[in-house]
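Only one structure is covered here, and it is reproduced in the block below.
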Amino acid sequence: MSHHIIELKDVEYVYPDQTAALNGISCRILHGEAVALVGANGAGKSTLLSHLAGIFVPSKGTIRVGDYPVNKQTLPHVRRSVGMVFQNADDQLFMPTVFDDVAFGPLNLGLPPEEVEKRVMEALEIVGAASLIHRPPYKLSGGQKRAVSIATVLSMLPDVLIMDEPSAGLDPLARRKLINLLKSFKHTRIIATHDLDLALDVCERTIVLAEGKILADGPTVQIFNDESLLAKSSLEKPLRMQGFPT
Amino acid sequence: MNKIEHRWLELRHFDELAAQDSLIHQLHPGVKVVTTLLFIVMVASFSKYELVGLFPMFIYPAFLIGLGNIPVAILLKRVLLTLPFVLFIGIFNPFLDQATYAYIGSFAVSGGLISFISILLRFTLSVSATLLLVATTSMDAIGLALSKLRVPRIIVIQILFMYRYIYVLIEEVMKTIRAHSLRAPYRNGVGFKVWGSLVGLLLLRTLDRAQRIYQAMMCRGFDGQVRIMRSWKIRTGDIAFLVVWTVFFVLVRLVNIPHWLGRMLLGGFS
Ligand SMILES: Nc1ncnc2c1ncn2[C@@H]1O[C@H](COP(=O)(O)OP(=O)(O)O)[C@@H](O)[C@H]1O
Ligand SMILES: [Mg+2]
């Protein structure tokens, strides 16, 4: 699947209440790339991710995910190849047990039970949550919930992983584990985050959004060294690049 | 943790019981759904003043509790939680129907009192049976069974979603109340004036959250069809369960067994 390219052309999106959330976004993301999506609150990160995950269809402009232009007919295909990890893990975990939650996607793909079980085990192994398999998700810690939400998506074997603020609300250890996990993936990754350290560690490329437009797009290190750009988009340089001995 | 949150966790606990693997849990979900429906219909069809004849019906929930490994205390709490509704339905009977129905010693018992108690009994039976169905069968399996029973798909999906969103709603209620009590720590409960805006906010938040959950389901390929891991084949045990209980319900309904037993023990067929 070396042709798995994501391409946006002049994408605009207006919410039903007339809020213009995206105002002409164009970019290309190549297979296997890890891209950080940064920007102030309300910049349009979540809205953009929803488009890539096949939840929203653009009001104007076009999006291609792999072989498909995103439109109402192709949404099922898009959803199959893109895995979205939601900002709030509680939205993603709605079944009575971890197993059921991770099996939900594979079952919807119509896989036979043995295959479903295999995929559930594998996905939980990858995120280090195999021991939680019979637990009810609402009783897990924040870090465990995050790990399981990632597993629910991995079990569908997506080509592209999309995550909305994955490190928000995690303690330092859980956050470190998450960063290492994300680094180990070979998928195309698009990660919306306020955690610039995470961006620096995981993503070689960063896109800066402001008011529904792309303000900058380039190598992460370069972007984070541009003080005026960071100030303009209400971001703060990662601690470790501020020249303090951290 | 406040009281509501505590209740809530208990309620979820009830849901988790369905993940066990007892003899009852292994039964075909369709068989359990049909048996439960039949049970409720039979219980409801007893005459308005029936008391004693209802007692053998308790054997069915007792059987499920025993073989299904269901903690009785938790079940009773759930039943009690729904009791206010019946009280509301039946509480006026003793006042409306004052005709003497029977004498206990020299104490005249009105028909209204009898029918009130009868409603309580029937309600307890039906609610227990429904709760036991939920505690021994996952909601998705019940959904699957319903669709196998030719219940229209749209209704099945409605039921499944409603079930899921009840949780969402309660969780949002909890969060809202917690946020309120943190900011108004010296107040006990929510003041009348704040209620209006709280409820509005709650509704919006619940709708929002329900929508996000729906999106999360869509992203994982949900297309309205219920698919579950286990496939059930009807086995002899399932058929036996259905047949034996059906015969039992009909028998209890047609023959007043306690009455008959009593007469037999007293030796007289007068
Ligand atoms: N459901 C919605 N209805 C209307 N406007 C929305 C909705 N969700 C987000 N918005 C608006 O769209 C803009 C972009 O929001 P969002 O994509 O959530 O930003 P971010 O994720 O970067 O914080 C904001 O102005 C926000 O207020
Ligand atoms: Mg967001």
Side-chain angles (χ1 to χ4, degrees), chain A residues 46 49-50 52-56 75-117 119-120 133-139 149 151-156 158 162 164, chain B residues 5 8-21 25 134-135 137-144 160-172 174-175 204-232:
Chain A
S46 302
L49 293 189
S50 297
L52 301 179
I55 297 172
F56 294 162
L75 282 184
H77 296 286
V78 173
R79 289 178 185 145
R80 182 185 279 239
S81 62
V82 177
M84 166 101 170
V85 179
F86 282 65
Q87 181 164 358
N88 183 350
D90 289 326
D91 293 339
Q92 190 136 20
L93 305 174
F94 44 74
M95 300 292 279
T97 67
V98 166
F99 178 92
D100 292 325
D101 251 320
V102 182
F104 184 83
L107 281 173
N108 283 329
L109 293 179
L111 299 173
E114 313 81 57
E115 175 69 14
V116 172
E117 201 159 338
R119 289 216 189 170
V120 172
I133 190 161
H134 295 302
R135 299 276 300 278
Y138 69 97
K139 281 188 186 166
S149 338
T152 65
V153 164
L154 290 182
S155 64
M156 298 186 72
I162 291 185
D164 202 347
Chain B
E5 291 189 53
W8 171 230
L9 283 181
E10 273 181 2
L11 190 72
R12 297 218 71 161
H13 180 76
F14 201 72
D15 200 27
E16 282 163 40
L17 294 173
Q20 298 185 85
D21 203 23
H25 288 79
V134 175
T137 320
S138 78
M139 210 53 196
D140 285 333
I142 293 178
L144 189 76
L160 291 179
F161 272 77
M162 237 165 61
Y163 187 71
R164 214 153 267 160
Y165 289 154
I166 286 173
Y167 286 120
V168 172
L169 179 69
I170 297 178
E171 268 171 22
E172 291 299 330
M174 253 164 44
K175 273 191 216 155
L204 289 180
R205 291 220 319 220
T206 309
L207 283 177
D208 245 26
R209 175 114 195 265
Q211 191 181 6
R212 287 199 306 272
I213 293 181
Y214 181 64
Q215 287 171 350
M217 293 172 72
M218 301 290 275
C219 281
R220 284 191 272 153
F222 183 72
D223 54 3
Q225 188 136 4
V226 188
R227 297 188 184 83
I228 55 176
M229 192 65 191
R230 264 180 86 161
S231 58
W232 277 271

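The sequence lines fix the lettering, A, B, ..., with proteins before strands; numbering per chain opens at 1.
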Exercise for review: Quick one: which of Thr97(A), Leu111(A), Asn108(A), Ile55(A) has the most heavy-atom pairs under 4.5 Å with chain B, could you say?
Suggested key: Asn108(A)
Point to revise | Which atoms of Pro76(A) approach chain B - backbone, side chain, both or neither, heavy atom under 4.5 Å | key: neither
Exercise for review: Let me know if Thr152(A) has heavy atoms under 4.5 Å from chain B in its side chain, its backbone, both or neither.
Suggested key: both
Point to revise | Part of Leu109(A) lying under 4.5 Å from any heavy atom of chain B | key: neither
**Study point:** Among Val82(A), Asn88(A), Asp101(A), residue most engaged with chain B (heavy-atom pairs, under 4.5 Å)
**Key:** Asp101(A)
Check your understanding: Can any side-chain N or O of Asp91(A) pair as donor or acceptor with the backbone N or O of Arg212(B) at less than 3.5 Å?
Key -> no
Point to revise | Enclosure of Arg209(B) CZ (heavy-atom neighbours >12, cutoff 6.0 Å) | key: yes
Check your understanding: Rounded to the nearest 0.5 Å, how far apart are SG of Cys219(B) and CE of Met156(A)?
Key -> 9.0 Å
Check your understanding: Could you give the distance from CZ (Phe222(B)) to CZ (Phe94(A)), rounded to the nearest 0.5 Å?
Key -> 8.5 Å
Review point. Quick one: CD on Gln215(B) to CZ on Phe86(A), what's the gap to the nearest 0.5 Å?
Key: 5.5 Å
Revision key, fill the gap. When rounded to the nearest 0.5 Å, the distance separating CG of Leu75(A) from CG of Asp223(B) is 13.0 Å
Practice item. Would you check if the side chain of Arg220(B) reaches a backbone N or O of Leu107(A) as a donor-acceptor pair within less than 3.5 Å? Key: no
Practice item. Using non-hydrogen atoms and a 4.5 Å limit, figure out which bit of Met217(B) sits close to chain A: side chain, backbone, both or neither. Key: both
Study note, to complete from the structure: Distance col, row Gln92(A):CD vs Ile213(B):CD1, nearest 0.5 angstrom, shows 10.5 Å
Practice item. Quick one: which of Asp90(A), Val85(A), Leu93(A), Val153(A) has the most heavy-atom pairs under 4.5 Å with chain B, could you say? Key: Asp90(A)
